[in-house]
Amino acid sequence: MVVYLNDLSCGDPAAPLVKNFSNVNTFFLIADKLKSIGASLIVITGDFKALKLCDTLVAECFYRGEFGNDHRNLLLQLRNYFVNRQQIDGSHIFSHPPTQRASVLLGNAHYQSRPAISFTFNPVFATETITGIKDGREAKIANIYDYDQELDISAFVTSNDCKQFDPTVTPIWNTEATRLYHKSFETRLKTIKAHPDEKIPILCEGADTIALLNGWEYDEVVTKLNKTDGSYRRIYRSAKFRKTAYLSVDFEKPEIFFELHNHKGTHLGEYYWDGTPNKNPDPKKCHNIEVC
């Protein structure tokens with residue numbers, strides 16, 4: 001998954017980068033956090049070393065005396081998160097009235113319904129939404145600017161991503177993002193055996209994120225419809241796919257498993273967190289669910 005650099009946030013050309021380098025540190029922490037949910041690439045146009053931050057090209061940081069090894073090592077690590085897409089569609093232009101500037105990168109982020117990631121040299125970009133004008137109309141882009149910001153996982157996955165998949169066949173298609181997230185969540189899962197009373201909230205947290213990464217959304221109505229005194233339910237609907245299907249969390253194990261159901265609620269099988277089938281459809285229909 002990708003996010004787009006908000007190139008309007010790269011700082012005042014008159015401001016010294018060396019005195020504002022803490023913003024680069026924050027940006028790196030955000031990029032590293034995004035990697036844990038599979039958003040490991042930041043789209044730019046051109047080479048990373050040609051990027052100008054405040055008064056300095058990134059390339060200049062490697063020979064100018066005021067920048068130390070800590071600065072350079074951080075930039076070398078940060079470079080791995082950027083991808084150069086020179087063929088980006090230049091017809092998508094996003095105008096930002098507060099700065100009186102325009103951006104093709106933000107225009108493409110809006111066109112593809114992708115989030116942007118911003119430096120905060122300018123506090124105007126310390127906001128969860130960037131508002132501007134595109135094609136003569138108001139346009140909004142989800143913005144990531146702070147390490148402690150709660151991420152809207154659903155903003156990273158679009159209907160265009162999901163529509164090529166049949167949710168009753170490939171419920172978990174975003175395999176690399178799912179794998180990276182699960183890896184970052186394994187420590188939490190391992191605490192279940194020592195703290196069984198926390199199993200349900202931990203499994204819900206992990207399952208919620210994996211579902212969102214794959215285009216599923218929590219269905220409160222269907223969940224309530226299937227709750228009983230003796231069992232806990234959490235059910236997701238294939239909101240961003242062409243077909244309707246349902247995933248329910250299996251709370252019997254100390255790991256994330258899903259039960260897959262078709263649009264009628266008929267059980268289609270059990271799946272591991274990564275989409276690998278584990279069990280065939282239940283012939284006794286005990287795993288069927290009620291749907292609206």
Side-chain angles (χ1 to χ4, degrees), residues 1-3 34 36-39 111-115 142 150-182 184-185 189 200-228 231-253 255-292:
M1 298 189 298
V2 301
V3 297
L34 292 178
S36 72
I37 61 163
Y111 176 71
Q112 296 184 21
S113 300
R114 303 292 182 187
E150 185 175 347
L151 297 177
D152 178 7
I153 305 299
S154 64
F156 294 86
V157 178
T158 69
S159 297
N160 281 335
D161 296 325
C162 300
K163 68 182 183 181
Q164 60 187 300
F165 299 99
D166 183 339
T168 63
V169 177
T170 314
I172 306 296
W173 56 268
N174 198 357
T175 52
E176 180 62 9
T178 302
R179 182 190 67 79
L180 287 169
Y181 170 72
H182 187 271
S184 73
F185 196 68
L189 289 168
I200 287 178
I202 290 173
L203 291 179
C204 285
E205 179 183 347
D208 281 358
T209 301
I210 290 175
L212 287 170
L213 285 171
N214 289 276
W216 300 79
E217 294 181 2
Y218 174 60
D219 193 315
E220 184 177 6
V221 173
V222 175
T223 295
K224 287 182 177 179
L225 194 62
N226 288 274
K227 277 186 178 179
T228 65
S231 65
Y232 188 88
R233 289 284 195 175
R234 195 159 186 86
I235 300 174
Y236 312 94
R237 178 174 48 84
S238 55
K240 296 183 179 180
F241 295 77
R242 292 184 186 276
K243 290 174 64 174
T244 297
Y246 298 90
L247 278 180
S248 60
V249 183
D250 182 344
F251 289 105
E252 295 180 359
K253 307 174 183 68
E255 176 57 280
I256 301 168
F257 282 81
F258 295 103
E259 306 286 353
L260 179 63
H261 314 267
N262 67 13
H263 67 289
K264 295 181 178 180
T266 304
H267 185 249
L268 301 178
E270 182 182 86
Y271 288 76
Y272 288 98
W273 59 267
D274 63 355
T276 303
N278 183 44
K279 292 182 181 178
N280 292 327
D282 178 12
K284 297 180 180 180
K285 301 183 179 180
C286 295
H287 287 81
N288 290 359
I289 61 171
E290 292 185 52
V291 298
C292 300

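Along the sequence shown, residues are numbered consecutively beginning with 1.
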Does NZ belonging to K227 count more than 12 external heavy atoms closer than 6.0 Å?
yes
If we check side-chain hydrogen bond (donor to acceptor under 3.5 Å, both in side chains) with N214, which of these qualifies: T178, D161, N174?
T178
Which residues pass the side-chain contact (heavy atoms from CB on, under 4.5 Å) test with A211, sequence neighbours left out?
W216, Y236
Go through the side-chain N and O atoms of D274 and T276 and say whether any donor and acceptor fall under 3.5 Å apart.
yes
D166: what forms a salt bridge (Lys or Arg N to Asp or Glu O under 4.0 Å) with it, not counting sequence neighbours?
K243
Sort out for me which residue in I153, I37, I172 forms a side-chain contact (heavy atoms from CB on, under 4.5 Å) with I210.
I172
By salt bridge (Lys or Arg N to Asp or Glu O under 4.0 Å), E270 pairs with (sequence neighbours left out) K253
On a heavy-atom basis, which atom in V157 and which in L212 lie closest, and how many Å separate them?
CG2-O, 3.7 Å
Are Y246 and V291 side-chain neighbours, meaning at least one heavy-atom pair lies under 4.5 Å?
yes
Give the minimum heavy-atom separation between A39 and V3, together with the two atoms involved.
CB-CG1, 4.5 Å
In the structure I gave you, are the side-chain heavy atoms of R237 and V222 within less than 4.5 Å of one another anywhere?
no
For F257 and Y271, I'd like to know if the aromatic rings sit close, meaning centre-to-centre distance below 6.0 Å.
no
Above 12 or not: heavy atoms from other molecules or residues under 6.0 Å from OH of Y218?
yes
Between Y181 and G206, what is the shortest heavy-atom contact and its length?
OH-CA, 3.5 Å
Closest heavy-atom pair and its distance - S248, H261:
OG-NE2, 3.0 Å
Which pair of non-hydrogen atoms, one from H267 and one from N288, has the smallest distance, and what is that distance?
N-OD1, 2.8 Å
